[in-house]
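To start, the structure itself, in structure tokens.
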Amino acid sequence: MNTSPDMSIEIAGIPMRNPVMVASGTFGYGVEYADMVDIGSLGAVVVKGICMEPCDGNLPPRMAEVPSGLVNAIGLQGPGVKGFVENYMPFLRQHKTPVIVNIWGRTIEEYANVAAAFDVVEGIAGLELNISCPNVKEGGVSFGTDLRMAAKVISAVRRSTKLPLIPKLSPNVAGIGAFARMAEDEGADAISLINTLPALVIDVETRRPVLRNGVGGLSGAGIHHFAVKQVWDASRVVSIPVIGMGGIYEPDDALRFLLAGASAVAVGTANFTEPRTAMRVIAGMEDYVQRHEYGSIRDVVGMLQYGQVKP
Amino acid sequence: MNTSPDMSIEIAGIPMRNPVMVASGTFGYGVEYADMVDIGSLGAVVVKGICMEPCDGNLPPRMAEVPSGLVNAIGLQGPGVKGFVENYMPFLRQHKTPVIVNIWGRTIEEYANVAAAFDVVEGIAGLELNISCPNVKEGGVSFGTDLRMAAKVISAVRRSTKLPLIPKLSPNVAGIGAFARMAEDEGADAISLINTLPALVIDVETRRPVLRNGVGGLSGAGIHHFAVKQVWDASRVVSIPVIGMGGIYEPDDALRFLLAGASAVAVGTANFTEPRTAMRVIAGMEDYVQRHEYGSIRDVVGMLQYGQVKP
Amino acid sequence: MQVETGIVQEHFDIGSGYRRLTLSAPTVCPQVKPGQFIHLRVPGLGESLLRRPFSIYRAEAGAISVLYKQVGKGTRELAFLPVGGYADFIGPLGNGFPLPHPENCIPVLVAGGYGVAPLSLLARNMDLKGIVFVGGRTAEDLLCLEDFKEMGWALEVTTEDGSAGLKGRVTDALDAWLSKGQKAIVYACGPDGMLEAIDKRLLQHELPGWLSLDKHMGCGVGACLACVQRVHTEDGGTRWKRCCCDGPIFAAGEIDWEFGKDAS
Amino acid sequence: MQVETGIVQEHFDIGSGYRRLTLSAPTVCPQVKPGQFIHLRVPGLGESLLRRPFSIYRAEAGAISVLYKQVGKGTRELAFLPVGGYADFIGPLGNGFPLPHPENCIPVLVAGGYGVAPLSLLARNMDLKGIVFVGGRTAEDLLCLEDFKEMGWALEVTTEDGSAGLKGRVTDALDAWLSKGQKAIVYACGPDGMLEAIDKRLLQHELPGWLSLDKHMGCGVGACLACVQRVHTEDGGTRWKRCCCDGPIFAAGEIDWEFGKDAS
Ligand SMILES: Cc1cc2nc3c(=O)[nH]c(=O)nc-3n(C[C@H](O)[C@H](O)[C@H](O)COP(=O)(O)OP(=O)(O)OC[C@H]3O[C@@H](n4cnc5c(N)ncnc54)[C@H](O)[C@@H]3O)c2cc1C
Ligand SMILES: Cc1cc2nc3c(=O)[nH]c(=O)nc-3n(C[C@H](O)[C@H](O)[C@H](O)COP(=O)(O)OP(=O)(O)OC[C@H]3O[C@@H](n4cnc5c(N)ncnc54)[C@H](O)[C@@H]3O)c2cc1C
Ligand SMILES: Cc1cc2nc3c(=O)[nH]c(=O)nc-3n(C[C@H](O)[C@H](O)[C@H](O)COP(=O)(O)O)c2cc1C
Ligand SMILES: Cc1cc2nc3c(=O)[nH]c(=O)nc-3n(C[C@H](O)[C@H](O)[C@H](O)COP(=O)(O)O)c2cc1C
Ligand code: FES
Ligand code: FES
């Protein structure tokens, strides 16, 4: 009765003690939260997006608070592969928790290069591939909203790394299922979704965008049930595992993703308000597994009873 | 100083006393709110979606409250053209406020028929065309997320009516601009956006969707800044007027749409919480025009100073 | 129907986990019919929370009272509203119980949970006295019993665990009474299951009656179509009615209890 | 750095539109250095509101005090927090002012608005006494003047409208003092414009100093990269620092005030 339930899960060949990770860009490189969060208790740590070279990101202001969420335009500031490996990997290697590196690029070559660079770094469990970046060679259209371009990126990265590969899908597409299937076809080991939704916050007094970059990405509680729908659409058309994220604050939010077909989840924006959200979510999920007498958390995955109604 | 500012605007050839309408499905047929809201003070009334025949809509539960919004799956219950004209037009004709009828169909023919039917009805200022409906002839894919199908609907309706035609765009597409341009090319007099975002609310205890229909549409404050971004993207690529909607609760919310390029706005979900939202929004916009010494509300349209940053 | 901003005049526990909230309502109060409700904006929960519907328990001296239980986000927040604070509501809403009460019929009230609230108001507005059946899971779930005693009504209490009154369901007590064959008209308010059971009995005994039905509501005024209930039509078909404005009171035999059940 | 849930011990107006909030903080209090801040979760605003940063004004007897003004959603809600209520915060955050204060330098504090709060704590933790410049738009904007008087510091007050002290800006009074050419070290906290003006003067007079900078914050702990400020690097380039953890205190001459200005 009181023995803790089986929460372990394997995603893209990465064994995790539980299915609750922290989302890229919302937990720094782990070390920032180490005083308050037991890194060892997390399913995995996904670090802030890294590209080959150090990147300055956007000018501030970079963040705006909105109803039930926030809009950010950090702009992928980061230390580059070398800076990350030197400054942060020693800390991250101290824990048994899998480290998933979120990578990005401005061109297909850059994507491939950064993936290859991480292939030889010790202590990295897998790569999450942020495809929601502008393709500087094609007029700045986001890779992630163009099926053909996204396929090229994933395929190039797949050929550059033997690490487990987890493309992270953009939500603002007409049919997320097609992107999910394409990712599987291109050799992804898992997919994660959703990234932020494009948003524009305007200050009506100055008549300017609040964020210096203009547009930003919307995250938080307000997008949660939209994200669950996307995960449900994606998970039904692929056989690789799905990692769900978007507005997880409570255990129930995480459970919704699992019921909708995700094998794991990531806590994002909530970390800023409550750094211990992932730990609280894990505890609540354990309780759920016990109360409902599931054999393991894996038995919850995809258990949504959608009824006779057609999708 | 104290004379009320010029709030009038013309959308799709429809003169309105101000740019604040009420959104389809959130204000019934006007009569439901007549005790509390001065219908005569609104820019226009957009009625709940109507198709040719009476329609039962979905089984309840049809609505779920979520953070900063709600998810609905009413399923387009309505009295059909005949029922609407007989039961509701006599009331609506009593006011000088333009009546815009939101129409929908399951096939292109149905869309065209309902448009033609309204062409001969007295007292209708224009048609808003809800293209976010499943195409029953093509496996239930939404017309509104397929550029080719959406074009066919708009073109068929355009040929069936001489009334001002306002296609209402679906937000869950990769590039709303292409849909906006297509609408203009097919002869639309204005476009409105956004319709609700697809969402799935799951009850983790029952493991079922909260809504009987399964999925529903997300609306309210949580989608506001996403909607503003969509309006901004759309308004820059068309020369026809844009009507912005999504999460308007305060005058500032409406002003953001105007700054982003909308010529008018519609108040939706907020009506349920505060029926007098549109009236309050109009008053706040008047104040803004005066404080900023604009000649008229029309001078606010598209005045966003986006800066040098590329979109 | 109006939007009115009321000042909290009273707000206190009445036992069984329920609280009574009294709001000044000079405009709305005089318009109230028993069985109607208000759609209350819970202060302090931000713009986007939907209003919450509550049956009117009292409408007198320019004020309106409701009884509520803390069951979720809205009612938990509502409990913090201090005397002297403000809350705005739309009301009175719904059709209310048809009045006057027909002659030569014994009025029979059947209540479950907060269903006693509108029935207590109905009893107060009747000249006749009748019998009221109040049921709950345990003694803890019963409220307003004193109201009916004070008004001189006969009272039959049932609890599922036998902790108060007869052990059993409210319909068991009702069955015993109905079997006497008296000419009666029934007014009922409570959970769907209870109402369906009562409706079946009214049909059996060919008695008239009125059922007050609670559905989750969006607008409360008929605009959103969230609160629909399927009803039989005269031509043998069925159609939707909106609980908020076509209801919440439905005639015995009117509701189509089967519609949609099979598809679930 | 910890998450701690404090009990409200005091919460009252201190004039000039500011309120003082004191929270029990047995764990965080002993760790505090002047110039650090707490990241406070405003109770009653739901899950999704970001925390709000406030400079630590007092850290003594196992409690922490902050001074704040009601300027927006969060601080307006904060004002309702009753004595005896709870609020949780992360702290102590930020680098704080470097200690100990260098010898043979007169400490000069320059404060605008709530900038007096961290400087008052700094003064209390110093053995030396120096001079403090406090500026505001009108007399209404000045606070904590008594603190410095009690501690025996020299005090120079300026207001833009002349309603208290000298008419003018705080930098006018500072200029007059600096022109005497005394060996000083400056600690400043206030709006960006004020800090930039002071930084320029420190460069001119070749004086050391520390500037406390307030940027909008997300996480408060270095994870989100919302709060960045461009600084000069030793090799003549520039780079970002995070105000929340690399700051909020920056050395005189460190900040690149021009970066990004041209592009706006
Ligand atoms: C006509 C009518 C009269 C009523 N009279 C009374 C009364 O006199 N006393 C009383 O205590 N209660 C009464 N109720 C019920 C009362 O409205 C609910 O208890 C109240 O809405 C609960 O609000 P909450 O925010 O506390 O709970 P919630 O946080 O809303 O949780 C309660 C449950 O209901 C669901 N829910 C609530 N509203 C909706 C909605 N609009 N759409 C979908 N799901 C929803 C939630 O998902 C949750 O499961 C009445 C209801 C109706 C329709
Ligand atoms: C290190 C530091 C120390 C501070 N110390 C004090 C202090 O001692 N006393 C004091 O009164 N204030 C202090 N502040 C400022 C204080 O944090 C703000 O006044 C407070 O956040 C305002 O919150 P609010 O919810 O009332 O206002 P808001 O509703 O947030 O509105 C205030 C304005 O700030 C903007 N804003 C607020 N937070 C953000 C954000 N994260 N991203 C983008 N925009 C944002 C809003 O858009 C709005 O225009 C400090 C700030 C920092 C960074
Ligand atoms: C401040 C911030 C920074 C982010 N940075 C990244 C990033 O570098 N790479 C990435 O793939 N996603 C990034 N994201 C997206 C999140 O990982 C996550 O997909 C999204 O925020 C949705 O989850 P949430 O609603 O729980 O925050 C960022 C999100 C936020 C709020
Ligand atoms: C209950 C409900 C019913 C709706 N019905 C319709 C409809 O019949 N036709 C339509 O085009 N849009 C419909 N909508 C969408 C709204 O008109 C509007 O586009 C959307 O809700 C976004 O605005 P909001 O966030 O202000 O609600 C409906 C929305 C809601 C909440
Ligand atoms: S609650 Fe909106 S129609 Fe009844
Ligand atoms: S506030 Fe998040 S990095 Fe500083």
Side-chain angles (χ1 to χ4, degrees), chain A residues 58 64 66-69 71 140-142 144-146 170-175 197-202 204-209 212-216 218 220-233 247 249 251-252 255-256 259-260 288 292 300 303-307 309-311, chain B residues 58 64 66-69 71 140-142 144-146 170-175 197-202 204-209 212-216 218 220-233 247 249 251-252 255-256 259-260 288 292 300 303-307 309-311:
Chain A
N58 293 324
V66 298
S68 292
V71 177
V141 178
S142 166
T145 56
D146 181 312
S170 291
N172 51 316
V173 297
L197 270 172
L200 172 58
V201 187
I202 296 173
V204 302
E205 293 304 322
T206 64
R207 295 193 303 271
R208 287 179 180 278
R212 185 65 174 274
N213 181 58
V215 302
L218 176 65
I223 66 169
H224 174 61
H225 300 279
F226 167 71
V228 172
K229 165 73 162 68
Q230 300 279 91
V231 162
W232 189 64
D233 285 351
Y249 285 75
D252 281 4
L255 288 163
R256 278 188 205 101
L259 290 167
Y288 183 86
H292 289 261
V300 178
M303 287 300 287
L304 176 66
Q305 308 295 306
Y306 195 78
V309 189
K310 282 203 305 293
Chain B
N58 294 323
V66 298
S68 292
V71 177
V141 179
S142 166
T145 57
D146 182 311
S170 290
N172 52 317
V173 297
L197 270 171
L200 172 58
V201 187
I202 296 174
V204 302
E205 294 304 321
T206 63
R207 297 194 301 273
R208 286 177 180 280
R212 185 65 174 273
N213 181 58
V215 302
L218 175 64
I223 67 169
H224 174 62
H225 301 278
F226 167 71
V228 172
K229 165 73 162 68
Q230 300 280 89
V231 162
W232 189 65
D233 285 351
Y249 285 75
D252 281 5
L255 288 164
R256 279 187 205 102
L259 290 167
Y288 183 86
H292 289 261
V300 178
M303 286 301 287
L304 175 67
Q305 308 295 306
Y306 195 77
V309 190
K310 283 204 305 296

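Chain naming here is simple, since letters A, B, ... match the order of the sequence lines and numbering starts at 1 in each.
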Q: With a 4.5 angstrom heavy-atom cut-off, could you sort out which part of B:Ala260 is near chain A: side chain, backbone, both or neither?
A: both
Q: Among the options B:Thr206, B:Asn58, B:Leu259, pick out the one with the most heavy-atom pairs lying under 4.5 Å from chain A.
A: B:Leu259
Q.
To the nearest 0.5 Å, what is the distance between CD on A:Gln305 and CD1 on B:Ile202?
A. 11.0 Å
Q: Would you please name every residue forming a side-chain contact (heavy atoms from CB on, under 4.5 Å) with A:Pro171, sequence neighbours left out?
A: A:Ile194, A:Asn195, A:Leu197, A:Phe226, A:Gln230
Q. Which of the residues A:Leu304, A:Val228, A:Thr145 is involved in the greatest number of heavy-atom pairs with chain B at under 4.5 angstrom?
A. A:Leu304
(Q) What part of B:His224 gets within 4.5 angstrom of chain A, counting heavy atoms only: side chain, backbone, both, or neither? (A) neither
**Q.** Engaged part of A:Leu218 at the chain B interface, taking heavy atoms whose separation is under 4.5 Å
**A.** side chain
Q: Give, as side chain, backbone, both or neither, the part of B:Leu255 having an atom under 4.5 angstrom from any heavy atom of chain A.
A: both
Q. What heavy-atom pair brings B:Val66 and A:His225 nearest, and what distance separates the two atoms?
A. CG1-CD2, 3.3 Å
Q: Could you tell me which of A:Ile223, A:Val231, A:Val204 has the largest number of non-hydrogen atom pairs under 4.5 Å with chain B?
A: A:Val204
Q.
Please identify, among B:Pro198, B:Gly222, B:Gly144, the residue contributing the most non-hydrogen atom pairs under 4.5 Å to chain A.
A. B:Pro198
Q.
Ignoring hydrogens, what is the shortest heavy-atom contact between A:Tyr306 and B:Asn213? Give both atom names and the distance.
A. OH-O, 3.4 Å
